[in-house]
Participant: 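One structure, pasted below without further comment.
Basis for what follows: all heavy atoms, side chains included, without hydrogens, waters or symmetry-related copies. Naming: A, B, ... by sequence-line order, numbering from 1 per chain.
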2 protein chains.
Amino acid sequence: MTTDDRTADGRAADGRAADGEPPADAASEVFAALADPTRRRILDALAAHGEATATVLAAELPVSRQAIVKHLGILDRAGLVVGHRAGREARYRVVPERLGITARWMDRLAATWDTRLAAIKRLAEGE
Amino acid sequence: MTTDDRTADGRAADGRAADGEPPADAASEVFAALADPTRRRILDALAAHGEATATVLAAELPVSRQAIVKHLGILDRAGLVVGHRAGREARYRVVPERLGITARWMDRLAATWDTRLAAIKRLAEGE
DNA sequence: GCTACGTGCTACCCAATGGTTGCACGTAGC
DNA sequence: GCTACGTGCAACCATTGGGTAGCACGTAGC
């Protein structure tokens, strides 16, 4: 219950106005955003168009406009897209930075695991 | 050693090219697996131990053993961990490869977006 | 000013997910 | 053989998440 009375934040730049919840770091949001196939298709279509509105995207994807809007909201919070108004249209475009940053973070993590595993293996075998 | 090679339920040797692009539904599983904070803590603890059982992990994380087992199942399907039996224990360890592959795939995607955006910008401005 | 298109918000539905508890079974240790 | 520990399976609960439909509002075009 307590149906989310946070006014769908009409903010533009800051983000969430923390109401007691832990920040839930950016990585979670990026991964969660990328986990959904529809969202990845939206990103793909968006990258192809350069810029597009929710209505346009809904026309070429098999989901309703409202679903696209929700997805764009999630992608925006994850920092993977940004939106701006042009007249009465709300246009969105992809933002490559966050994706690249997360990619490099993952790569470093994989390298860390690799090093750790190698060290443990040395200890177990040769000592 | 008691290597009952019970890897990721038979789907381990699908012959993916080592540095090729993952078929994008494997990406879904990796992203979904990484999206959960508890799962990332499990991966972290697993990387620290080198190898650990669900019971051990449950002892140092604030969730039940059953929850850990479920998470390990998801991580296994995503190819981020592998498990093998040692006597009556089921030990797991992290697998860095899939993480690195996904990281590089993301990095290339970010680069693609960048190129595309630059081209569109040139068209819009210079033209 | 009137109309039309596009957007934003709310309410609602259903499936998936993270979490728990309880119990049955196999394996190790005595 | 008996006991104890660890695992695996199943049922169950609460919350989140993806999706839809409907309506109100603003902006563009005439």
Side-chain angles (χ1 to χ4, degrees), chain A residues 1-12 16 19-22 24 28-43 49 51-78 81-92, chain B residues 1-4 6 8-9 25 28-43 49 51-78 81-92:
Chain A
M1 291 40 168
T2 62
T3 53
D4 155 76
D5 61 315
R6 76 176 89 155
T7 70
D9 55 356
R11 95 288 178 281
R16 68 198 75 78
D19 46 3
E21 281 295 320
S28 276
E29 289 181 341
V30 173
F31 289 138
L34 291 173
D36 188 82
T38 303
R39 234 126 50 197
R40 287 205 303 275
R41 294 184 64 183
I42 289 177
L43 287 173
H49 283 80
E51 257 188 20
T53 68
T55 311
V56 167
L57 292 170
E60 63 184 77
L61 291 179
V63 289
S64 69
R65 189 199 105 240
Q66 288 82 352
I68 300 278
V69 170
K70 279 194 188 179
H71 285 308
L72 285 174
I74 293 173
L75 291 169
D76 175 62
R77 277 195 299 276
V81 306
V82 285
H84 66 100
R85 297 202 71 101
R88 64 176 168 179
E89 294 186 334
R91 297 194 180 156
Y92 286 84
Chain B
M1 300 296 276
T2 59
T3 51
D4 286 350
R6 186 194 70 87
D9 58 10
D25 43 346
S28 274
E29 290 182 339
V30 173
F31 289 138
L34 291 173
D36 188 83
T38 303
R39 234 127 50 197
R40 287 204 303 275
R41 294 183 63 181
I42 289 177
L43 287 173
H49 282 81
E51 255 187 25
T53 69
T55 311
V56 167
L57 292 171
E60 61 185 79
L61 290 181
V63 289
S64 70
R65 192 197 102 241
Q66 291 305 323
I68 301 279
V69 170
K70 280 192 188 179
H71 284 308
L72 284 174
I74 293 172
L75 291 169
D76 176 63
R77 277 198 304 276
V81 306
V82 285
H84 67 97
R85 295 202 73 100
R88 64 176 167 178
E89 294 186 333
R91 298 197 179 152
Y92 287 84

Participant: Return the CG to CG distance between Leu75(A) and Leu43(A), rounded to the nearest 0.5 Å.
Facilitator: 4.5 Å
Participant: Atom OH of Tyr92(B) and atom C1' of dG8(D): how far apart are they, to the nearest Å?
Facilitator: 10 Å
Participant: Tell me what Arg91(A) touches on the nucleic acid: a base, only sugar-phosphate, or nothing, going by heavy atoms under 4.0 Å.
Facilitator: nothing
Participant: For the pair made of CD1 in Ile68(B) and C1' in dT21(C), what is the distance, rounded to whole Å?
Facilitator: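 Result: 16 Å.
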Participant: Can you check the Leu72(A) CG to dG19(D) P distance for me, whole Å?
Facilitator: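 Distance check: Leu72(A) CG to dG19(D) P gives 12 Å.
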Participant: Atom CZ of Arg39(B) and atom P of dA16(C): how far apart are they, to the nearest Å?
Facilitator: 16 Å
Participant: Just distance, no hydrogens or angles: give the donor-acceptor pairs under 3.5 Å from side chains in residues 62-74 of chain A, sequence neighbours left out.
Facilitator:
from	atom 1	to	atom 2	distance (Å)
Ser64(A)	OG	Ala67(A)	N	3.3
His71(A)	ND1	Arg39(A)	NH1	3.2

Participant: Does Ala32(A) have any side chain to side chain contact (heavy atoms under 4.5 Å, CB included) partners at least two apart in sequence or in another chain, and if so, which?
Facilitator: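 By the side chain to side chain contact (heavy atoms under 4.5 Å, CB included) rule, Ala32(A) matches Ala35(B).
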Participant: So if I take residues 59-67 of chain A and measure heavy-atom distances to DNA chain D, which residues fall below 4.0 Å?
Facilitator: Val63(A), Ser64(A), Gln66(A), Ala67(A)
Participant: Give the rounded distance in Å between these two atoms: CZ of Arg41(A) and P of dG19(D).
Facilitator: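 From Arg41(A) CZ to dG19(D) P: 10 Å.
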Participant: Can you measure Glu89(A) atom CD to dA4(C) atom P for me and round it to whole angstrom units?
Facilitator: 19 Å
Participant: Working to the nearest 0.5 angstrom, can you tell me the gap between Asp76(A) CG and Glu29(A) CD?
Facilitator: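 Output value for this atom pair is 10.0 Å.
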Participant: When you compare the protein's N or O atoms with those of nucleotides 24-30 of chain C, which come within less than 3.5 Å of each other, and at what distance?
Facilitator:
from	atom 1	to	atom 2	distance (Å)
dT27(C)	O2	Arg88(B)	NH1	3.3

Participant: In whole Å, I'd like the distance from the CG atom of Asp36(B) to the P atom of dT15(D).
Facilitator: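 It is 17 Å, rounded to the nearest whole Å.
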Participant: Measure the OG-CG distance between Ser28(A) and Leu34(B) for me, rounded to the nearest 0.5 Å.
Facilitator: 9.5 Å
Participant: Over all strands shown, is Ile74(B) touching base, sugar-phosphate only, or nothing at heavy-atom distances under 4.0 angstrom?
Facilitator: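 The residue Ile74(B) makes sugar-phosphate contact but no base contact.
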Participant: Got a sec, which residues hit salt bridge (Lys or Arg N to Asp or Glu O under 4.0 Å) with Glu89(A), two or more places apart in sequence or on another chain?
Facilitator: Arg91(A)
Participant: Ignoring backbone atoms, test whether Thr53(B) places a side-chain nitrogen or oxygen under 4.0 Å from the OP1 or OP2 oxygen of dG6(D).
Facilitator: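 No.
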Participant: Which stems, defined as runs of 3 or more consecutive Watson-Crick or G-U wobble pairs with both pairing distances under 3.5 Å, involve DNA chain D?
Facilitator: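 Looking at DNA chain D, the stems formed by three or more consecutive pairs are C:1-30 with D:1-30.
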Participant: To the nearest Å, how far apart are His71(A) NE2 and dT16(D) C1'?
Facilitator: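 The distance from NE2 of His71(A) to C1' of dT16(D) comes to 14 Å, rounded to the nearest Å.
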Participant: Is there a donor and acceptor pair closer than 3.5 Å between the side chain of Lys70(A) and the base of dG17(D)?
Facilitator: no
Participant: Report the distance from atom CZ of Arg41(B) to atom CG of Asp36(B), rounding to the nearest 0.5 Å.
Facilitator: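 Between atom CZ of Arg41(B) and atom CG of Asp36(B) there are 11.0 Å.
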